[in-house]
Amino acid sequence: EAQVTQNPRYLITVTGKKLTVTCSQNMNHEYMSWYRQDPGLGLRQIYYSMNVEVTDKGDVPEGYKVSRKEKRNFPLILESPSPNQTSLYFCASSSQYRYGYTFGSGTRLTVV
Amino acid sequence: KNEVEQSPQNLTAQEGEFITINCSYSVGISALHWLQQHPGGGIVSLFMLSSGKKKHGRLIATINIQEKHSSLHITASHPRDSAVYICAGLNSGGSNYKLTFGKGTLLTVNP
């Protein structure tokens, strides 16, 4: 089944403890992206990647890192999480930027 | 700054009604996505439009490039259409392929 898999689905962590949210797609898509969703603010793009080793900042990249060493994986790294990074995170992929996106199921992150 | 504005924020309808959700966007946006987010949180991509009109089942999406406006229509609405509908503009130009999202429209269809 074609899908984008995010892990974990839920995560509670403490301020400053490094964490990684994984994202993997099995559709050989070139384009992958990370978003966060907050009440009243909607979805906002964090980082995106056009292909392997090609990444760029979205609208809210501060406090996040990404890497794209393989086509299928696009992990989101929080080196030192803070409470303002408490949010619902989505990963998505697309065959090319012009076509529809496939979204992961989301990761609900709470930083205390 | 590229912007996407959606209206209405909330919409309540009776089963069977025709529904329209609107999206206006700024210069620099080359294509429009319509997304559906179910109460459980999952997001599904419905349409991507850069011109004209697309139809899938009871859903129709249109875009007017000159007016920088897109609409999502749902015909013969059903309670299972209850969800948040989000439009997102694709900013293109050089390597700047970013999405800017509207705040979403919460649709409730009552039986």
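Every chain is numbered from 1 and lettered A, B, ... according to where its sequence line falls, protein lines coming before strand lines.
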> Tell me which one of Thr86(A), Leu19(A), Leu88(A) satisfies side chain to side chain contact (heavy atoms under 4.5 Å, CB included) with Leu109(A).
Leu19(A)
> Given that the side chain runs from C-beta out, which part of Gln37(B) has a heavy atom under 4.5 Å from chain A: side chain, backbone, both or neither?
side chain
> Need one label for Arg44(A): side chain, backbone, both or neither, based on atoms under 4.5 Å from any heavy atom in chain B.
backbone
> Relative to chain A, which segment of Leu46(B) carries a heavy atom at a distance below 4.5 Å: side chain, backbone, both, or neither?
neither
> Verify, without hydrogens or angle tests, whether Gln25(A) (side chain) and Asn73(A) (backbone) share a donor-acceptor contact under 3.5 angstrom.
no
> Give a yes or no answer on whether the side chain of Thr107(A) reaches the backbone of Arg9(A) with a donor-acceptor pair at less than 3.5 Å.
no
> Apply side-chain hydrogen bond (donor to acceptor under 3.5 Å, both in side chains) to Tyr89(A) and Arg108(A), showing your working.
CA-CA 6 Å; Tyr89(A) 292 85; Arg108(A) 189 166 293 280; over 6 Å; no
